[in-house]
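Since this is a predicted model, take the numbers as computed values, not measurements. Note that these values count all heavy atoms, side chains included, but never hydrogens, waters or copies made by symmetry. In this chain, numbering begins with 1 at the start of the sequence shown.
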Amino acid sequence: VFVNIVGGMRMADPAGDAAIALAIAGAHRNRGLGTPTLVTGELGLLGEFRNVSQLTGRISEAGRLGLKQAVVPAPRQRERATPAPTGLNVVPCKTLSQALEMLN
């Protein structure tokens with residue numbers, strides 16, 4: 001799938017994979033997330049969310065910008081959950097299908 005980003009912006013970071021997939025699925029279902037949301041994560045071929053670099057910083061910045069929720073990769077067994085800033089609901093997802101359940 002090729003995605004055209006408005007303004008000529010280029011995406012080299014795989015952390016945008018999940019956001020693009022969720023946007024396409026939401027448009028297909030004519031549904032949205034309903035609240036200002038950060039969606040970040042790399043997608044595997046089987047739809048699994050993979051961790052991205054600097055996840056803690058991304059979540060902190062989302063809270064600073066006033067976003068209300070963040071859909072992020074679920075931590076692996078040996079990893080600790082990422083702390084959330086006050087007022088930000090962090091939703092860990094293991095797969096894209098879990099994230100799709102959030103669409104209104």
Rounded to the nearest 0.5 Å, the CG atom of Leu38 sits from the CG atom of Leu55 at a distance of 8.0 Å

For a quick test of reading the model, state the closest non-hydrogen atom pair linking Val71 to Met102 and the distance between them.
CG2-SD, 3.5 Å

Within-4.5 Å side-chain heavy-atom neighbours: Phe49 and Thr95:
no

Can you give me the closest heavy-atom contact between Gly63 and Leu88, atom names plus distance?
N-CD2, 4.1 Å

Any chance you could measure Leu96, atom CG, to Leu100, atom CG, to the nearest 0.5 Å?
4.5 Å

Between atom NZ of Lys94 and atom CZ of Arg50, what is the distance when rounded to the nearest 0.5 Å?
15.5 Å

In this structure, CD of Glu42 is separated from CG of Asp17 (nearest 0.5 Å) by 5.5 Å

Spatial distance of atom CZ (Arg29) from atom CG (Leu22) [nearest 0.5 Å]
9.0 Å

Salt bridge check, Arg58 against Glu61: does any charged N sit closer than 4.0 Å to a carboxylate O?
no

Write down the atom of Gly41, the atom of Pro73, and the distance for their closest heavy-atom approach.
CA-CG, 4.0 Å

Quick one: CD on Glu48 to CG on Leu43, what's the gap to the nearest 0.5 Å?
8.0 Å

